[in-house]
J.: 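Pasting in a structure now, in structure tokens, and then I'll have a few things to ask.
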There are 2 protein chains.
Amino acid sequence: MPADQGVTIVYTDGSCHGNPGPGGWAWAVPNGPYASGAEARTTNQRMELTAVLRALEALPGALEVVSDSTYVVRCFQDRWWEGWRRRGWRNASGQPVANRDLWEPVLAAVIDAGRAVRFRWVKGHAEDPMNALVDALANRAASRQVGERGQVDRGALLAADRPVP
Amino acid sequence: MPADQGVTIVYTDGSCHGNPGPGGWAWAVPNGPYASGAEARTTNQRMELTAVLRALEALPGALEVVSDSTYVVRCFQDRWWEGWRRRGWRNASGQPVANRDLWEPVLAAVIDAGRAVRFRWVKGHAEDPMNALVDALANRAASRQVGERGQVDRGALLAADRPVP
RNA sequence: GGACACCGCGUGCA
DNA sequence: TGCACGCGGTGTCC
């Protein structure tokens with residue numbers, strides 16, 4: 001029996017037209033639920049982070065979060081958050097850590113809650129179909145400035161999905 | 001008397017079937033000379049640039065180069081070349097500047113020579129008949145893989161010229 | 001100095 | 001519809 005037993009895999013992504021500008025986020029579980037949302041003016045990093053936060057809030061149990069953002073993944077893999085807390089939320093350059101209002105609830109939900117959450121990085125715009133799916137969802141949310149919820153098709157992932165006109 | 005007195009206007013264009021693939025370039029002066037050439041395997045950008053370089057070599061005096069390539073025009077209008085030289089021929093992403101072997105002689109012939117050369121952008125596939133002419137010439141060169149030289153008809157610019165099958 | 005992402009633009013094609 | 005060729009910029013970290 002693999003150690004991954006019971007771990008939910010969730011893909012996350014964010015997009016932001018203009019950066020800063022109108023943005024969108026999305027998460028999706030293969031053959032499971034998905035959700036997306038939008039913000040009128042934000043940054044790419046905030047949308048990547050928001051996608052993770054919304055997934056943490058919506059999904060119970062052990063998680064594997066798959067993202068193409070090293071900003072998100074390396075915070076945990078390289079334990080950036082330890083340095084941030086030790087230095088009173090200053091980064092290595094002595095500047096205030098950006099997006100602290102999002103990082104704090106994320107760390108609370110992962111580190112402080114002692115929850116089993118693993119982060120995995122995948123290259124963007126590559127072969128991974130689930131990464132392509134959340135990319136399309138986040139992009140659509142950013143363009144339409146609305147959120148969606150639903151169930152990922154088990155067949156062709158994005159058959160009915162096309163770029164927004 | 002306009003300041004443009006004595007400025008030769010030259011239209012340039014490049015094409016490339018497949019990109020990368022067999023390509024062609026062309027330049028033409030309204031009611032003046034034209035030239036075209038071909039290459040067996042190249043890119044669209046290299047052909048656009050080559051068209052400019054050949055025009056600079058062939059035509060004396062002050063020039064107005066008209067191109068539908070922002071790649072070519074914005075290098076001068078936005079002074080990309082200054083950044084490239086400052087950064088040791090790295091682009092803004094830190095990668096080596098592409099087509100440096102063509103950019104260097106072009107910059108030498110324009111910037112370093114202190115020559116009066118202006119660049120103007122026109123939308124491709126629009127109403128401009130001279131842009132259509134050099135597009136047809138470059139396309140024909142790419143398809144036939146041969147060069148041509150001649151004189152632009154003063155009448156209907158492209159009466160005998162049609163897209164190559 | 002390094003890395004990833006997010007965009008914007010035009011051209012060239014299939 | 002989607003790909004390749006190329007550029008500039010911001011968001012963020014180490």
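Within every chain, numbering begins at 1; the chains are lettered A, B, ... in the order of the sequence lines, protein sequences first and strands thereafter. Since we're looking at a predicted model, the values are computed, not measured.
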J.: Quick one: which of D:dG6, D:dA4, D:dT12 gets closest to the side chain of B:Ala98?
T.: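 Nearest listed nucleotide: D:dG6.
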J.: Rounded to the nearest angstrom, tell me the gap between atom CG in B:Asp101 and atom P in D:dC5.
T.: 15 Å
J.: Dump the intermediate steps for side-chain hydrogen bond (donor to acceptor under 3.5 Å, both in side chains) on A:Tyr71 and A:Asn99, then the final yes or no.
T.: CA-CA 11 Å; A:Tyr71 179 59; A:Asn99 308 316; 2.9 Å; yes
J.: Just to be sure I understand the rule, does B:Val72 reach a base, reach only the sugar-phosphate, or reach nothing, if contact means heavy atoms closer than 4.0 Å?
T.: nothing
J.: Flag the pair A:Val29 / A:Met130 as yes when at least one side-chain heavy-atom distance between them is below 4.5 Å, and no otherwise.
T.: no
J.: Under the side-chain hydrogen bond (donor to acceptor under 3.5 Å, both in side chains) rule, what do A:His125 and A:Asp135 come out as? Steps first, then yes or no, please.
T.: CA-CA 9 Å; A:His125 306 290; A:Asp135 178 76; 4.8 Å; no
J.: Check whether any side-chain N or O of A:Arg79 sits under 4.0 Å from OP1 or OP2 of D:dC13, and answer yes or no.
T.: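 Result: no.
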J.: Tell me the interatomic distance from B:Leu102, atom CG, to D:dC7, atom P, rounded to whole angstroms.
T.: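 Rounded to the whole Å, the gap is 13 Å.
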J.: When the distance from CG of B:Leu49 to P of D:dC5 is rounded to whole Å, what number comes out?
T.: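 Whole-Å distance recorded here is 15 Å.
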J.: Output the single nucleotide from C:G12, D:dG8, D:dT12 whose closest atom is nearest the side chain of B:Asp135.
T.: C:G12
J.: Of the options C:U11, D:dG9, D:dT12, whose atoms approach the side-chain atoms of A:Arg46 most closely?
T.: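 Of C:U11, D:dG9, D:dT12, D:dT12 is nearest to the side chain of A:Arg46.
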J.: What contact category does B:Val97 fall into here, base, sugar-phosphate, or nothing, at under 4.0 angstrom with non-hydrogen atoms?
T.: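 Sugar-phosphate contact only - B:Val97 comes under 4.0 Å of backbone atoms but never of a base.
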J.: Ignoring hydrogens, what is the shortest heavy-atom contact between B:Asp13 and B:Ala51? Give both atom names and the distance.
T.: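 In this case the closest contact between B:Asp13 and B:Ala51 is O-CB, 3.4 Å.
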J.: Regarding B:Asp78, tell me which of base, sugar-phosphate or nothing describes its non-hydrogen contacts under 4.0 Å with the strands shown.
T.: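 Counting heavy atoms under 4.0 Å across all strands, no contact is made by B:Asp78.
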J.: Distance check: side-chain N/O of A:Arg87 vs OP1/OP2 of D:dC14, anything under 4.0 Å?
T.: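 True: A:Arg87 side-chain N/O within range (under 4.0 Å) of D:dC14 OP1/OP2.
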J.: Between A:Arg74 and A:His17, which residue's closest nucleotide on RNA chain C lies nearer the 5′ terminus?
T.: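 Closer to the 5' end of RNA chain C: A:Arg74.
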J.: Checking contacts here: which listed nucleotide (D:dC7, C:C4, D:dC14) is nearest the side-chain heavy atoms of A:Thr70?
T.: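 Nearest to the side-chain atoms of A:Thr70, counting from C-beta on, is C:C4.
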J.: In whole Å, what is the span from the CH2 atom of A:Trp121 to the C1' atom of D:dC13?
T.: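 To the nearest whole Å, that distance equals 15 Å.
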J.: Counting side-chain heavy atoms from C-beta on, which of D:dT10, C:C4, D:dC14 comes nearest to A:Pro20?
T.: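 Given the options D:dT10, C:C4, D:dC14, the side chain of A:Pro20 is closest to D:dT10.
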J.: With a 3.5 Å cut-off and heavy atoms only, can you find an N or O donor on one side and an acceptor on the other between the side chain of A:Asp68 and the base of C:A5?
T.: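 Counting by modelled atom types and ignoring angles, no donor-acceptor contact under 3.5 Å is found here.
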J.: Measure CD/B:Gln77 against C1'/D:dC7 and give the value in whole Å, please.
T.: 14 Å
J.: On DNA chain D, nearest-nucleotide positions of B:Asn91 versus A:Asn91: which is more 5'?
T.: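 This one resolves to B:Asn91.
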J.: Could you tell me whether a side-chain N or O of B:Asp78 sits under 3.5 Å from a main-chain N or O of B:Trp80, the two making a donor and an acceptor?
T.: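 Such a contact is absent between B:Asp78 side chain and B:Trp80 backbone.
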J.: Check whether any side-chain heavy atom of A:Trp103 lies under 4.5 Å from a side-chain heavy atom of A:Cys75, and answer yes or no.
T.: yes
J.: Does A:Thr43 put a side-chain nitrogen or oxygen below 4.0 Å from OP1 or OP2 of D:dT12?
T.: yes
J.: Where each residue is assigned the nucleotide of DNA chain D containing its nearest heavy atom, which of B:Pro96 and B:Gly18 is assigned the position nearer the 5′ end?
T.: B:Gly18
J.: Let's see if you can work this out: which of D:dC14, C:A5, D:dC7 has an atom nearest to the side-chain heavy atoms of B:Trp84?
T.: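 So the side chain of B:Trp84 is nearest to D:dC7.
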J.: Less than 4.0 angstrom from a charged side-chain N to a carboxylate O is my criterion; do B:Asp68 and B:Arg120 meet it?
T.: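 Answer for the salt bridge query: no.
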J.: So, OP1 or OP2 of C:C13: does either fall under 4.0 Å of a side-chain N or O from B:Asn139?
T.: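 The answer is yes; a side-chain N or O of B:Asn139 sits under 4.0 Å from OP1 or OP2.
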J.: Check the phosphate of D:dA4 against B:Asn44, side-chain N and O only, distance under 4.0 Å to OP1 or OP2. Yes or no?
T.: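 The answer is no; no side-chain N or O of B:Asn44 sits under 4.0 Å from OP1 or OP2.
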J.: Tell me: CZ of B:Phe119 to C1' of C:U11, nearest whole Å?
T.: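 So the two atoms are 16 Å apart, to the nearest Å.
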J.: Touch check for A:Gly14, heavy atoms < 4.0 angstrom, all strands: base, sugar-phosphate only, or nothing?
T.: sugar-phosphate
J.: How do B:Gln45 and B:Ser15 order along RNA chain C: which one's closest nucleotide is nearer the 5' end?
T.: B:Gln45
J.: Give the rounded distance in Å between these two atoms: CD of B:Glu48 and P of D:dC7.
T.: 14 Å
J.: Measure from the side chain of B:Trp80, starting at C-beta and using heavy atoms only, and say which of C:C13, D:dA4, D:dC7 lies closest.
T.: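 Looking only at heavy atoms from C-beta outward on B:Trp80, the closest nucleotide is D:dC7.
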J.: Considering every strand and a 4.0 Å limit on heavy-atom distances, what is the contact class for A:Arg90: base, sugar-phosphate, or nothing?
T.: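 A:Arg90: no heavy atom of the nucleic acid under 4.0 Å.
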J.: Is the phosphate of C:G8, meaning OP1 or OP2, less than 4.0 Å from a side-chain N or O of A:Asn19?
T.: no
J.: Quick one: is C:G12 close enough that its OP1 or OP2 comes under 4.0 Å of any side-chain N or O from B:His125?
T.: yes
J.: Atom CG of B:Asn131 to atom P of C:G12: distance rounded to whole Å?
T.: 8 Å
